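One structure is given here, and the rest of the page talks about it.
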Amino acid sequence: MRTTVASLHAELVRYGLVAWTAGNVSGRVPGEDLFVIKPSGVSYDELTPESMVVCDLDGNLVEGDHAPSSDTAAHAYVYRHMPHVGGVVHTHSTYASAWAARGEPIPCVLTAMADEFGGDIPVGPFALIGDDSIGQGIVATLDGHRSPAVLMRNHGVFTIGKDPKAAVKAAVMCEDVARTVHVARQLGEPLPIKPEHIDRLYDRYQNVYGQRSPR
Ligand SMILES: [Zn+2]
């Protein structure tokens with residue numbers, strides 16, 4: 001999991017989701033009440049499997065030579081309260097954060113959004129770093145929602161997935177659709193997709209699309 005989480009940070013850079021060190025990936029250790037997360041303040045080029053930090057589900061450092069990411073409490077809260085989540089990603093990616101700055105959900109006006117998010121990408125509450133309030137806002141917004149992404153108001157994006165790679169994919173797709181819908185808005189009002197069509201697209205993409213795993 002250290003190797004997986006370390007290498008996935010390169011995807012944040014590759015897709016232009018992060019500036020400086022402001023973005024992080026974590027992954028739950030299968031079968032353990034532990035997760036692996038980025039060390040605080042270390043540049044993406046310097047991340048190695050060895051430099052990753054292991055924390056318990058209360059966000060306490062268990063193993064590692066560095067302090068954990070300053071967003072560790074939010075990741076830990078999600079793992080404690082959403083047992084199906086195996087990966088969490090946080091970024092301040094530009095277009096998605098612009099929607100967050102307005103406190104405006106991204107409306108589901110693209111089939112790719114219906115596929116990946118199953119509807120609008122919701123906005124979570126304004127929350128200050130330092131306690132559980134960011135984690136509470138993420139869980140309260142995403143619990144019972146099909147979207148694996150939440151725009152935390154005035155802040156940025158948190159995404160969840162069954163594993164860290166899925167959470168990174170959701171972060172990449174979130175920024176992609178945030179950009180496209182923003183561009184669409186410049187010349188008019190994007191057209192909504194009917195809820196029953198969103199349901200059909202979501203169901204097909206989640207259950208049928210892609211390579212079937214061998215049985
Ligand atoms: Zn942040």
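Count residues from 1 along the sequence. Source: prediction; values computed, not measured. Order of appearance sets the numbers: ligands from 1, and atoms from 1 within every ligand.
For Ser97, the side-chain contact (heavy atoms from CB on, under 4.5 Å) partners are His92, not counting sequence neighbours. When the side chain to side chain donor-acceptor pair (under 3.5 Å) test is applied to Tyr77, no partner is found at least two apart in sequence or on another chain. Every residue two or more places apart in sequence or in another chain was checked for a side chain to side chain donor-acceptor pair (under 3.5 Å) with Thr3, and none qualifies.
For the Zn ion (ligand 1), the count of nearby protein N/O/S atoms, taking only those under 2.8 Å, is 3.
Aromatic ring orientation, Phe158 versus His75: perpendicular (interplanar angle above 60°, classes split at 30° and 60°).
When the shell of 6.0 Å around CZ of Arg179 is examined, it contains 12 or fewer heavy atoms from other residues, nucleotides or ligands.
No hydrogens or angles considered: a donor-acceptor pair under 3.5 Å links the side chains of Tyr79 and Ser26.
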